[in-house]
A.B. asks: 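Would you mind keeping the following structure in view while I ask a few things?
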Amino acid sequence: MSFDYDLFVIGGGSGGVRAARLAAETGARVGLAEEYRMGGTCVIRGCVPKKLMVFASGFSGAMDDARAYGWDVTAGGFDWPRFRAKLEAELSRLEGIYRSNLQKAGVELFDARATLADPHTVRLADGTEKTAKHILVATGGRPFVPEFPGAEHVITSNEIFKLDALPGKILIVGGGYIACEFACILNGLGVEVTQYYRGAQILRGFDEEARGHIAGAMCDNGIDLRLGTNVQRIEKTEAGLWVTSTDGHDAVYDAVLYATGRVPNTEGLGLAELGVPLNGNGAVLVDDYSQTTIPSIYAVGDVTDRINLTPVAIREGAAFVETVFKGNPTKPDHELVPGAVFTQPEFGTVGLSEEAAREQGPIEVYAASFRPMQTGFAGREDRVLMKLVVCAETRRVLGCHIVADGAGEMIQLAGIAIKMGATKEDFDRTVAVHPTMAEELVTMKAPVRTG
Ligand code: NDP
C-alpha cells in the first residue's frame, strides 16, 4: 500500500519537531501539523520565555548587590510592555528558526489542527486527509485548572506572558515547578506575591531538605507562602478578585495564577475511537519504544506523561527515529535525568532524594549550607545548599541536590559523573575549583547523617 508520507507528526513542539527533522534526514517523506505556533510549549509559552523572565527579574537583586559592591546605580521601574515586546520578537525569531530548519530538512508543514481518522490517516482541520505509514502523536499538554466557584477568573501559565500590565498583587496557586518559578519571577519584578500550596511543603517529590531550604529563601525574599492552604472560591469585585481561602485569610488580588499541573492534549484527537489506550489522566499509553497498541501509531513527549521535560521529549523523539527509521531499536533512557527548577535561588537536582534513597538501603548524607562569597560580601543572608546522597555499600553517589544561583548549570555537569556511576571517592579525588560554590561538592569530608 502506498502512503502520502512515511511519517506524519501531529504537534510541532520539542519532541515532534526533533522526530520529524531526524526522520526527514534519513530520506523519509515527512509531514507535520501544528495548530498553534511552531516550537510548542517550550519555545512559545514555557521554558524559553520563562527563563528570559527569570533573567529579567534577577536584575532587581543584582542592582542592590551592585550598590553593596560600590557601584552607584539606581533601579528605575521595570518596563513590562518593553520587555514583553522584546520577548515576543525573540519568540517569533525562534519560531522562524524551527520552521526553517524543518523545511530545510524537507518536512512539509501544515499550520492546522490534525486528528486521527484511522491507523494510517490524519485529517486536517479543513477536512483534507493525509495518509502515512507511521503517525507520531506529539501534542504535548496544557494547564489544568480544577473546578471551583470562580475558576473562570483565573489565568494560567499560557496567559502570563501576554498580560497587558503586570499585576500589583497576585495570588499563585500550586506548589510545583511552575507555581514556585513564577512566584520568584514576579516577586523579583516587584509584584506582591502570595502563594497557596495545599500540602505541607512545596515541590513535593524532591529532596526534603532542599524543599525546606528553597521555601525558606522564598519567604525571606518576600513571598507570602501559605502552606496547607487552598482557594475556596473567587468573586470578581470592583476592587479586584476576592479570594476566599480554606485558612480564613481572605484577600483581594489583581490576578490569580493557577499552576496546578498539566494534562495531556488528547481530547478530540480520535485516539480513543481508534482503540489507543489512554490512562486516567488522558495520557497515551506507550511501550518502551514509544509505540501504542496500534503498531503504526507512536507517541512522545508530555502527551505520554512519562517525564515531562523538553530534553526528555527530544530524546524520546530521537529514539523513535532510531527505532523506526534507522533499524536500531532504541529505548529512551529515563534514568538519572538531571533537572532544574528556576526558583530564586535555583534548584538543580539529579538522582534520588535522601528519603527515596533511604528506602532502598543504608546511605550516607553529605551536606553543606553556607553563605556564598558573592552575596555574602553584598550583605545578603542567602545560603546555598550542596548535598550528596551516597549508597553506604557501593559508595555510589545516588543523588545530588544543589540550591544556589547557577545550580542548573552545576547539576548538568554533576549529572554526567553520577550517570557514569561516580562514587563518593571519585568526587573526593577531584581537585576543587577555588573559589567557587561548587567546590563544596568535592570537599565534604564527614557525613552529616547515616542510616
Ligand atoms: P506540577 O505537577 O509540578 O505541580 C502541580 C502543583 O499543583 C502541585 O503542587 C499540586 O499539589 C498542585 N495541585 C494539583 N491539583 C491541585 C488542586 N486541585 N488544588 C490545589 N493544588 C493542586 O505541575 P506544574 O503545573 O507546576 O508543572 C507541570 C510540569 O511541567 C512539571 O511537572 C514539569 O514536568 C514541567 N515543568 C518543568 C520545568 C523545569 O524543568 N524547570 C518548569 C515548568 C514545568 P500536590 O503536590 O499536593 O499534588
Side-chain angles (χ1 to χ4, degrees), residues 13-15 40-55 140-151 154-161 171-185 194-206 208 210-211 214-215 218 225-234 243 245-247 256-265 280-281 283 301-316 334 337-350 353 402-403 407-409 411-412 415:
S14 305
T41 299
C42 171
V43 178
I44 303 299
R45 46 193 179 191
C47 320
V48 173
K50 179 274 305 287
K51 190 78 190 280
L52 290 167
M53 281 183 79
V54 169
F55 291 140
R142 64 177 190 284
F144 157 79
V145 177
E147 280 176 26
F148 63 91
V154 311
I155 58 168
T156 68
S157 57
N158 278 357
E159 289 80 43
I160 195 83
F161 306 108
L171 171 67
I172 297 181
V173 182
Y177 284 76
I178 297 178
C180 294
E181 290 182 341
F182 273 101
C184 294
I185 290 170
T194 301
Q195 182 179 356
Y196 285 181
Y197 173 52
R198 64 182 178 181
Q201 186 55 281
I202 55 167
L203 296 172
R204 183 167 61 82
F206 290 107
E208 243 171 61
R211 295 163 68 194
I214 296 163
M218 286 169 62
L225 173 60
R226 292 171 175 268
L227 300 172
T229 306
N230 215 340
V231 169
Q232 264 180 344
R233 66 172 179 279
I234 299 179
V243 178
S245 65
T246 53
D247 72 348
V256 178
L257 170 69
Y258 259 70
T260 43
R262 294 174 60 84
V263 287
N265 272 331
N281 200 24
D302 287 9
V303 76
T304 62
D305 200 14
R306 288 176 279 182
I307 298 178
N308 298 331
L309 298 174
T310 276
V312 174
I314 289 173
R315 294 295 176 102
E316 289 169 359
H334 292 113
V337 172
V341 186
F342 293 98
T343 39
Q344 294 164 16
E346 221 167 274
F347 179 32
T349 178
V350 62
S353 66
I402 303 174
V403 183
E409 305 289 345
I411 208 68
Q412 179 69 81

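Start at 1 and go down the list; that is how both ligands and their atoms are numbered. As a basis for the values below, the full set of heavy atoms in this structure was taken, side chains included, without hydrogen atoms, waters or symmetry mates.
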A.B. asks: Among all protein heavy atoms in this structure, tell me which lies nearest to atom 7 (O) of ligand 1, with the distance rounded to 0.1 Å.
C.D. replies: T260 CA, 3.1 Å

A.B. asks: Is there at least one pair of N or O atoms, one from G175 and one from ligand 1, spaced under 3.5 Å apart?
C.D. replies: yes

A.B. asks: Who's the nearest protein heavy-atom neighbour of atom 10 (C) of ligand 1, and how far?
C.D. replies: R198 NH2, 4.1 Å

A.B. asks: Measure the spacing between NE2 of H334 and CG of L309 and express it to the nearest 0.5 Å.
C.D. replies: 9.5 Å

A.B. asks: So between F342, Y197, Y258, whose heavy atom ends up nearest atom 45 (P) of ligand 1?
C.D. replies: Y197

A.B. asks: Report the part of L309 in contact with ligand 1, treating N, CA, C, O as backbone and CB onward as side chain, heavy atoms under 4.0 Å; options are side chain, backbone, both, neither.
C.D. replies: side chain

A.B. asks: Counting distance only, does the side-chain N/O of E181 pair as donor-acceptor with the main-chain N or O of F342 below 3.5 Å?
C.D. replies: yes

A.B. asks: So, the side chain of E159 versus the backbone of T156: is there a donor-acceptor pair under 3.5 Å, distance only?
C.D. replies: yes

A.B. asks: Under 4.0 Å from a heavy atom of P146: give me the atoms of ligand 1 that qualify, with their elements.
C.D. replies: 17 (C), 18 (N)

A.B. asks: Who gets closest to atom 32 (O) of ligand 1 by heavy atom: Y177, Y196, F182?
C.D. replies: Y177

A.B. asks: How far is atom 34 (O) of ligand 1 from its nearest protein heavy atom, and which residue and atom is that?
C.D. replies: N308 O, 2.9 Å

A.B. asks: Does F182 have its ring centroid less than 6.0 Å away from the ring centroid of F161?
C.D. replies: yes

A.B. asks: Nearest 0.5 Å, please: how far is CG in N158 from CZ in R142?
C.D. replies: 10.0 Å

A.B. asks: Distance-only, no hydrogens or angles: does the S14 side chain make a donor-acceptor pair with backbone N or O of I314 under 3.5 Å?
C.D. replies: no

A.B. asks: What residue and heavy atom of the protein are closest to atom 28 (C) of ligand 1, and at what distance?
C.D. replies: R262 CD, 3.6 Å

A.B. asks: Ignoring hydrogens and angles, tell me if any N or O in the side chain of T304 forms a donor-acceptor pair with the backbone of D302 under 3.5 Å.
C.D. replies: no

A.B. asks: Would you mind checking which non-hydrogen protein atom is closest to atom 19 (N) of ligand 1, with the distance to 0.1 Å?
C.D. replies: N230 ND2, 3.4 Å

A.B. asks: Tell me, which protein residue and heavy-atom name are nearest atom 2 (O) of ligand 1, and how many Å apart are they?
C.D. replies: G261 CA, 4.2 Å

A.B. asks: Counting each atom of ligand 1 from 1 as listed, which ones have a heavy atom of A340 under 4.0 Å away?
C.D. replies: 39 (C), 40 (O), 41 (N)

A.B. asks: Taking 4.0 Å as the limit for heavy-atom contacts, which would you say applies to I307 with ligand 1: side chain only, backbone only, both, or neither?
C.D. replies: neither

A.B. asks: How far is atom 42 (C) of ligand 1 from its nearest protein heavy atom, and which residue and atom is that?
C.D. replies: E181 OE1, 3.3 Å

A.B. asks: Within the 4.0 Å heavy-atom shell around K50, which atoms of ligand 1 are there?
C.D. replies: 41 (N), 42 (C)

A.B. asks: Hey, is the main chain of I202 close enough, under 3.5 Å, to the side chain of R211 for a donor-acceptor pair?
C.D. replies: yes

A.B. asks: Do Y258 and V231 come close enough that some side-chain heavy atom pair is under 4.5 Å?
C.D. replies: yes

A.B. asks: Would you check whether A259 reaches within less than 4.0 Å of ligand 1, judged by its heavy atoms?
C.D. replies: yes

A.B. asks: Between E316 (side chain) and G301 (backbone), is there a donor-acceptor pair under 3.5 Å?
C.D. replies: yes

A.B. asks: Nearest 0.5 angstrom please: L171 CG to I234 CD1, how far?
C.D. replies: 7.0 Å

A.B. asks: Among all protein non-hydrogen atoms, which one is nearest to atom 43 (C) of ligand 1, and what is the separation to 0.1 Å?
C.D. replies: I178 CG1, 3.4 Å

